[in-house]
Colleague: 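Quick one: the structure is below, and I'll ask about it shortly.
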Amino acid sequence: MKILTAAQVYQADKFTIEKQQITSDALMERAAIQIFEWIHARLHGAPVVIHIFCGIGNNGGDGIALARHLAEHGYNIKVYVVNYSEKRSKDFLLNMERLKDRKIWPEFMNPETVLPETQPNDIIVDAIFGIGLNRSPDDWVAKLIEHINNSQAFTLSVDIPSGLPVDQPLWKDSKVVFADYVLSFQTPKMVFFLPETGIHLENWEVLDIGLDNEFMMNVDSSFEYFQKHDIQSLYIPRKRFSHKGTYGHSVIIGGSYGKIGAVHLSGKACLKVGSGLVTLYVPECGYTPLQSSLPEAMVLTDGEEEYISKISLSIKPSAVGIGMGLGTEEETIQAFGNFLKSVKAPLVIDADGINILAKHLEFLKDMPKGTILTPHPKELERLVGPWANDFEKLEKAMRFSETYQCILVVKGANTIVISGEKGYVNSTGNPGMATAGSGDVLTGMITGLLAQGYNSLNASIFAVYLHGLAADLEVPAHGYESITASSMIDAIGKAFVELFRQPQPPNDNQPKG
Ligand SMILES: NC(=O)C1=CN([C@@H]2O[C@H](COP(=O)(O)OP(=O)(O)OC[C@H]3O[C@@H](n4cnc5c(N)ncnc54)[C@H](O)[C@@H]3O)[C@@H](O)[C@H]2O)[C@@H](O)CC1
Ligand SMILES: [K+]
């Protein structure tokens, strides 16, 4: 699903109105009806008090139109107009007239108005600001936002939590409504997925208001949100007349004294996504533990006992994953640098591999095109330098990806796969994944898919999705706390099965945590 900017949504809006020959008010009516139906399907006419806070633009217009539908169905509503400007939109005014025709009189709020009381069991609808917000709200509106946030009432935001910009960082000291749920029109907003702004909402859902399909197909969005059907289309089916050689030979290179487990996790995950053969290349101390714990894998050792000192492979790998538990001994660094010059197979670099690159930028020129780097935030910072906000972080990652023609898997609550100027936002995963070895598992999965012939971008996206899905499937049995890297590996099989189960579970597009 494409993630549009505010400017693109306005274009889609205009295009739709012209092509479908409808009025802007008809589009607002569609939006309001969709929200009404969402609420009505859950409340079934319950006499709960619904406070609807409306701005004076089209987001406010949506709120006023919603108020009319709720009133017509007998709901107990209280409507407020947050009168932050005299520039009321045409469709807001039109819907105000319709509301007044039904003898419903909103309370007009200005800087002097006493803030209304709400009860914990009430519902608040936040239709104060939508995608038109272009600066931080005035002080008195900020106080109202705080008042809403201090109430314990369930808060439903129309289109976007009021106070959040759509596609740029938050203004300094700006106040934002904390939304328990956001009903976002046609597209999720990029701010939902980034840590500095995503903390202002718990859940979100996209409502289809029928913006034109042709526009949506052709619009060039920088970011996409990938879900089950996107991943299904990337899947390469296994063939009946195949053998283990068909599915590639993966090599996992890493480990040092005390960190051999990282290689075990990567190697096992690599096998679990279907790599035909897996060889682990480790220092001598890894030989016995790996041979006994992972019998399906072959083990090659470096002459050095405790760390890798040279990388010479007697086999021709289909894909290589390198860096987990590698350490940063001087000899290891040299071995890593030399390996980059000679490697011909598709490559994934993780953990200490990334740390070495960050300290030896001269190695970057030797990195094969299409190499995948899987940094967590600290590793990314070492690689691209510090950033002032989440949007700058993504810009820097995109520039890095373009310069070195590599793919960056920017790990986080919503992992984002960066390929040049495009970013792909993952829809699976949960806070239980913040646990030791989780990244080793992902690196092994990407390597295993590369070995089977997935290209760099598809292998990254597929593995990131499946990794998160495996962890999500662990939640019912383990909760977040007890998920481990090993339990995620155990669930990879279930994740493959789930991938082809229909229909998509309803919470598949929710941010977790
Ligand atoms: N584009 C679409 O597809 C549709 C949009 N609709 C609604 O329209 C909304 C956008 O409406 P608008 O463009 O009227 O914008 P908003 O309703 O978000 O904001 C209202 C106006 O306030 C002004 N403003 C911005 N920041 C301010 C601030 N800090 N203090 C005071 N005034 C400020 C701006 O001039 C802005 O146009 C969407 O979020 C959505 O809710 C829906 O009606 C249906 C269709
Ligand atoms: K809103």
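The structure displayed is predicted, hence computed values, not measured ones. As the structure lists them, so they are numbered: ligands from 1, and atoms in each ligand from 1. By convention here, the first residue in the shown sequence is residue 1.
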Colleague: Which ligand 1 atoms, with their elements, are less than 4.0 angstrom from a heavy-atom of Ala31?
Modeller: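 Listed by number with element: 44 (C).
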Colleague: Tell me yes or no: between the side chains of Tyr75 and His69, is some donor less than 3.5 Å from an acceptor?
Modeller: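 No, His69 and Tyr75 have no side-chain donor paired with an acceptor closer than 3.5 Å.
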Colleague: Is Pro137 close enough to touch ligand 1? Criterion: a residue heavy atom under 4.0 Å from a ligand atom.
Modeller: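 Yes, Pro137 has heavy atoms under 4.0 Å from ligand 1.
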Colleague: Which part of Asp138 is near ligand 1, with near meaning a heavy atom under 4.0 Å away: side chain, backbone, both or neither?
Modeller: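 Neither part.
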Colleague: Which heavy-atom pair separates Pro188 from Met1 by the least distance, and what is that distance?
Modeller: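 The answer is CD-SD, 3.4 Å.
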Colleague: Looking only at side chains, do Asn426 and Thr428 share a donor and an acceptor under 3.5 Å apart?
Modeller: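 A donor-acceptor contact under 3.5 Å links the two side chains.
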Colleague: Could you tell me whether Arg98 and Asp25 have a side-chain N and a carboxylate O separated by less than 4.0 Å?
Modeller: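 Result for this pair is yes, salt bridge flagged.
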Colleague: Going by the order shown, which atoms of ligand 1 are within less than 4.0 Å of some heavy atom of Met28?
Modeller: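 This gives 43 (O) as the contact atoms.
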Colleague: Within the stated cut-off of 3.4 Å, is an N/O/S atom of Pro161 closer than that to the K ion (ligand 2)?
Modeller: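 So Pro161 does not count as coordinating the K ion (ligand 2).
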Colleague: Using a distance threshold of 3.4 Å, state whether an N, O or S atom of Phe129 lies below it from the K ion (ligand 2).
Modeller: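 Coordinating: yes.
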Colleague: Short question: side chain of Asp440, backbone of Leu265 - any donor-acceptor pair under 3.5 Å?
Modeller: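 It does not hold such a pair.
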Colleague: Could you list the atoms of ligand 1 found under 4.0 angstrom from a heavy atom of Leu211?
Modeller: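 Listed by number with element, the hits are 3 (O).
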Colleague: May I ask whether Leu133 places a heavy atom under 4.0 Å from ligand 1?
Modeller: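 It does; at least one heavy atom falls under 4.0 Å.
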Colleague: Are Lys393 and Glu381 close enough for a salt bridge, meaning some N to O gap below 4.0 Å?
Modeller: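 Between Glu381 and Lys393 there is no salt bridge, as every charged N stays at least 4.0 Å from the carboxylate O atoms.
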Colleague: Within the structure, does Asn58 bring an N/O atom to less than 3.5 angstrom of an N/O atom in ligand 1?
Modeller: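 Yes, at least one N or O pair falls under 3.5 Å.
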Colleague: Of all the atoms in Ala127, is at least one N, O or S atom closer to the K ion (ligand 2) than 3.4 Å?
Modeller: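 Checking the K ion (ligand 2) against Ala127, no N, O or S atom falls under 3.4 Å.
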Colleague: Counting distance only, does the side-chain N/O of Asp122 pair as donor-acceptor with the main-chain N or O of Thr118 below 3.5 Å?
Modeller: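 No; zero donor-acceptor contacts below 3.5 Å.
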Colleague: One thing to verify: whether Glu18 and Lys14 come together as a salt bridge, which I'm taking to mean a side-chain N less than 4.0 angstrom from a carboxylate O.
Modeller: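 Salt bridge present between Lys14 and Glu18.
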Colleague: If the cut-off is 4.0 Å to any non-hydrogen atom of Ser136, which atoms of ligand 1 fall inside it?
Modeller: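 So the answer, numbered in order with elements, is 29 (N).
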Colleague: Please work out the angle at the K ion (ligand 2) defined by atom O of Val158 on one side and atom O of Ile160 on the other, rounded to 10°.
Modeller: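 Angle O(Val158)-the K ion (ligand 2)-O(Ile160): 70°, rounded to 10°.
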Colleague: Suppose we measure from atom 17 (O) of ligand 1 to each protein heavy atom; which comes out shortest, and what is that distance?
Modeller: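 Nearest protein contact, heavy atoms only, for atom 17 (O) of ligand 1 is Asn59 N, 3.0 Å.
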Colleague: Please write down residue, atom name and distance for the protein heavy atom closest to atom 35 (O) of ligand 1.
Modeller: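 The answer is Asn134 ND2, 4.5 Å.
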Colleague: Among Tyr84, Phe129, Phe92, which residue places a heavy atom closest to atom 21 (C) of ligand 1?
Modeller: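 Selected option, by shortest heavy-atom distance: Tyr84.
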Colleague: Is the shortest heavy-atom distance from the side chain of Leu364 to the side chain of Thr403 under 4.5 Å?
Modeller: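 Sidechains of Thr403 and Leu364: no contact.
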Colleague: Ser85 and Ile56: which non-hydrogen atoms are nearest, and at how many Å?
Modeller: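 Minimum heavy-atom separation between Ser85 and Ile56: O-CG1, 3.7 Å.
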Colleague: Is Glu29 salt-bridged to Arg68, going by a charged N under 4.0 Å from an acidic O?
Modeller: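 Result for this pair is yes, salt bridge flagged.
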Colleague: Using 4.0 Å as the upper bound for N to carboxylate O, is an ion pair formed by Glu107 and Lys78?
Modeller: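 Looking at Glu107 together with Lys78, the answer is no, because their closest N to O distance does not fall below 4.0 Å.
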Colleague: Looking at Gly57, which atoms of ligand 1 are within less than 4.0 Å of one of its heavy atoms?
Modeller: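 That gives atoms 14 (O), 17 (O), 20 (C) of ligand 1.
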Colleague: So which heavy atom in the protein is nearest atom 1 (N) of ligand 1, and how far is it from that ligand atom?
Modeller: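 Checked against all protein heavy atoms, atom 1 (N) of ligand 1 sits closest to Asp13 OD2, 3.0 Å.
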Colleague: Decide whether an N or O pair under 3.5 Å exists between Gly130 and ligand 1.
Modeller: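 Yes.
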Colleague: For atom 39 (O) of ligand 1, what is the nearest protein heavy atom, given as residue, atom name and distance?
Modeller: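 Scanning the protein heavy atoms, the shortest distance from atom 39 (O) of ligand 1 goes to Asp159 OD2, 2.6 Å.
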Colleague: Just to be sure I'm reading this right: ignoring hydrogens, which of Ala12, Gly132, Gly55 gets closest to atom 34 (C) of ligand 1? Compare them by their nearest heavy atoms.
Modeller: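 Closest candidate by heavy-atom distance is Gly132.
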Colleague: Who gets closest to atom 33 (C) of ligand 1 by heavy atom: Lys189, Arg135, Glu29?
Modeller: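 Heavy atom nearest to atom 33 (C) of ligand 1 belongs to Arg135.
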Colleague: Under 4.0 Å from any heavy atom of Tyr10, which atoms of ligand 1 are there?
Modeller: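 So the answer, numbered in order with elements, is 10 (C), 12 (P), 13 (O), 15 (O).
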Colleague: Using a strict cut-off of less than 4.0 Å between a Lys/Arg side-chain nitrogen and an Asp/Glu carboxylate oxygen, indicate whether Lys411 and Glu379 qualify as a salt bridge.
Modeller: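 So Lys411 does not pair with Glu379 through a salt bridge.
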Colleague: How wide is the angle at the K ion (ligand 2) spanned by Asp126 O and Asn59 OD1, rounded to 10 degrees?
Modeller: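 It comes to 90°.
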Colleague: Under a 4.0 Å N-O cut-off, is there an ion pair linking Glu498 with Arg501?
Modeller: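 Counted as a salt bridge, because a side-chain N and a carboxylate O are separated by less than 4.0 Å.
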Colleague: Got the closest protein heavy atom to atom 45 (C) of ligand 1, with its distance?
Modeller: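 So the nearest neighbour among protein heavy atoms is Ile209 CD1, 3.7 Å.
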Colleague: Pick, from Ile56, Ile17, Asp62, the option with the minimum heavy-atom distance to atom 7 (C) of ligand 1.
Modeller: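 Looking at heavy atoms only, Asp62 sits closest to atom 7 (C) of ligand 1.
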Colleague: Give the ring-plane orientation class for Trp204 versus Tyr225, where under 30° counts as parallel, over 60° as perpendicular and anything between as tilted.
Modeller: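 Perpendicular.
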Colleague: Under the 4.0 Å line, does any protein heavy atom show up next to atom 5 (C) of ligand 1?
Modeller: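 Under the 4.0 Å cut-off, atom 5 (C) of ligand 1 has no protein heavy-atom neighbours at all.
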Colleague: Would atom 23 (C) of ligand 1 count as contacted, meaning some protein heavy atom under 4.0 Å?
Modeller: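 So atom 23 (C) of ligand 1 lacks protein heavy-atom neighbours under 4.0 Å.
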Colleague: Between Lys2 and Asp220, does any side-chain N to carboxylate O distance fall below 4.0 Å?
Modeller: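 No, this pair does not count.
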